[in-house]
Amino acid sequence: MQLWTSLLLLAAAAEAHYHFPRLIVKGQPDAADWTNVRQTKNFQSNAGVTDVNSGDMRCYQMRTAPGYATVAAGEQLGFVAESAVTHFGPVQFYMARVPDGASVTTWDPTGSVWFKAGSITAVPPLGSDEKTWPAYNKKSVSFTIPKNTPSGKYIVRVESIALHQAQSVGGAQIYLSCAQIEVTGGGNGTPSPLVAFPGAYKATDPGLRWSYYPIATSYTAPGPKVWTG
């Protein structure tokens with residue numbers, strides 16, 4: 001009986017968590033999981049990353065994807081959330097340009113190569129529901145690729161920072177995936193600032209903490225500002 005109860009609790013915990021296995025381009029999701037998105041280590045457990053100094057903060061990657069999606073600069077790019085973004089907190093999007101001569105299906109985006117391209121963050125007044133957190137309980141999340149993003153191959157990183165247990169340092173859970181894309185029709189912008197994962201966040205960043213009481217009056221997501229192009 002005790003074993004059965006433990007198994008039910010583990011199943012419920014996994015159900016409450018999530019991952020991002022498919023891209024959405026022009027409103028159409030990938031036909032299959034992990035086609036253009038690198039398969040994550042939590043593809044079965046749905047567990048999040050809690051150590052911001054871990055190499056898993058980069059892509060949480062188990063293996064690369066076989067393909068890549070083509071997206072025009074200025075268009076929306078989305079991720080399917082399987083089965084939904086079931087914890088409140090910000091959702092952010094980073095991009096890293098693949099160097100000339102490297103393959104988008106094998107390149108490892110280490111070092112200061114990432115710029116923040118989008119963010120779905122808190123809308124005051126602050127609370128722990130969908131009114132404050134627009135991505136909460138959504139089955140997909142998306143952002144617009146800045147129009148001046150240079151054409152080329154990119155790794156796109158989505159992260160959902162779950163704050164429901166972030167009352168103390170190390171309590172935030174980060175659910176993330178990395179996709180492989182090619183940007184076409186781009187501009188001549190210089191995305192900045194560039195940050196590294198791990199390295200962009202500290203465990204003590206205010207954006208990785210949440211207080212139910214007293215509720216804060218403002219919230220700033222961790223990381224650099226969004227590059228809008």
Side-chain angles (χ1 to χ4, degrees), residues 20 23-28 36-37 52 57-59 68-81 85 88-100 104 107 109-126 130-136 138 140-161 163 172 174-202 205-208 216-229:
F20 299 95
L23 280 180
I24 304 171
V25 179
K26 295 185 182 296
Q28 294 297 314
N36 299 310
V37 179
V52 297
M57 278 292 291
R58 191 172 306 120
C59 287
Y68 62 88
T70 301
V71 192
E75 287 189 342
Q76 274 202 339
L77 178 66
F79 286 80
V80 171
V85 179
F88 71 86
V91 172
Q92 307 198 99
F93 305 89
Y94 288 83
M95 298 177 65
R97 188 174 183 179
V98 179
D100 293 341
V104 70
W107 183 59
T110 59
S112 297
V113 294
W114 298 95
F115 67 94
K116 189 186 288 187
S119 181
I120 307 172
T121 190
V123 178
L126 297 186
E130 292 95 331
K131 292 179 181 178
T132 296
W133 306 102
Y136 187 21
K138 293 294 189 294
S140 66
V141 292
S142 62
F143 74 108
T144 299
I145 294 178
K147 196 155 184 66
N148 280 329
T149 302
S151 297
K153 303 287 194 350
Y154 286 83
I155 305 299
V156 182
R157 178 184 177 277
V158 60
E159 66 172 20
S160 169
I161 302 175
L163 298 174
I174 300 164
Y175 300 87
L176 66 142
S177 289
C178 285
Q180 300 166 177
I181 71 166
E182 179 176 21
V183 173
T184 60
N188 58 358
T190 304
S192 65
L194 299 179
V195 297
F197 287 104
Y201 302 164
K202 297 178 182 176
D205 285 347
L208 297 176
T217 57
S218 64
Y219 174 84
T220 301
K225 292 183 179 180
V226 173
W227 182 76
T228 59

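Scanning for salt bridge (Lys or Arg N to Asp or Glu O under 4.0 Å) contacts around Lys26 gives Glu75, with sequence neighbours left out. In this view, Trp107 satisfies the ring-ring contact (aromatic ring centres under 6.0 Å, His included) rule with no residue, not counting sequence neighbours. Here Gln180 pairs with Arg38 under the side chain to side chain donor-acceptor pair (under 3.5 Å) rule; sequence neighbours left out. Under the side-chain contact (heavy atoms from CB on, under 4.5 Å) criterion, Phe88 pairs with Ser128, Trp133, Tyr136, Leu163, His164, Trp210, Tyr212, sequence neighbours left out. Every residue was checked against the side-chain contact (heavy atoms from CB on, under 4.5 Å) condition with Thr190, not counting sequence neighbours, and none meets it.
Nearest heavy-atom pair, Thr132 versus Pro125, reported as atom, atom and distance to 0.1 Å: OG1-O, 2.9 Å. The minimum heavy-atom distance between Pro222 and Leu208, with the atom names listed, is CG-CD2, 3.9 Å. Ile161 and Ile174 make their closest contact through CG1-CG1, 4.3 Å (heavy atoms, listed as atom of the first residue, atom of the second, distance). Nearest heavy-atom pair across Asn36 and Tyr68 is OD1-N, 2.9 Å. Between Gly185 and Ala73, the closest heavy-atom pair is O-CB, 3.8 Å. The minimum heavy-atom distance linking Phe115 with Ser192 is given by the pair CB-N, 4.3 Å.
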Side-chain donor-acceptor pairs under 3.5 Å in residues 142-155, sequence neighbours left out?
unit_1, atom_1, unit_2, atom_2, d
Asn148, ND2, Gly229, O, 2.5
Thr149, OG1, Pro146, O, 2.7
Ser151, OG, Gly186, N, 2.8
Tyr154, OH, Pro150, O, 2.7

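A heavy-atom distance below 4.5 Å is found between the side chains of Val123 and Pro134. The shortest side-chain heavy-atom distance between Met95 and Trp227 does not fall under the 4.5 Å cut-off. When side chains are defined from C-beta on, Thr70 does not count as touching Ile181, because their heavy atoms never get closer than 4.5 Å.
Panel note: side chain Tyr201, backbone Gly223; no donor-acceptor pair is recorded below 3.5 Å. Under the 3.5 Å distance criterion, the side-chain polar atoms of Arg157 are matched with a main-chain donor or acceptor of Arg58.
Atom CD of residue Gln92 and atom OG of residue Ser160 lie 10.0 Å apart, to the nearest 0.5 angstrom.
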Start with the C-alpha distance between Ile24 and Leu77, add both sets of side-chain angles, then the distance that settles side-chain contact (heavy atoms from CB on, under 4.5 Å), and finish with yes or no.
CA-CA 6 Å; Ile24 304 171; Leu77 178 66; over 6 Å; no
Worked verdict on Phe20 versus Val141 for side-chain contact (heavy atoms from CB on, under 4.5 Å):
CA-CA 9 Å; Phe20 299 95; Val141 292; 3.9 Å; yes
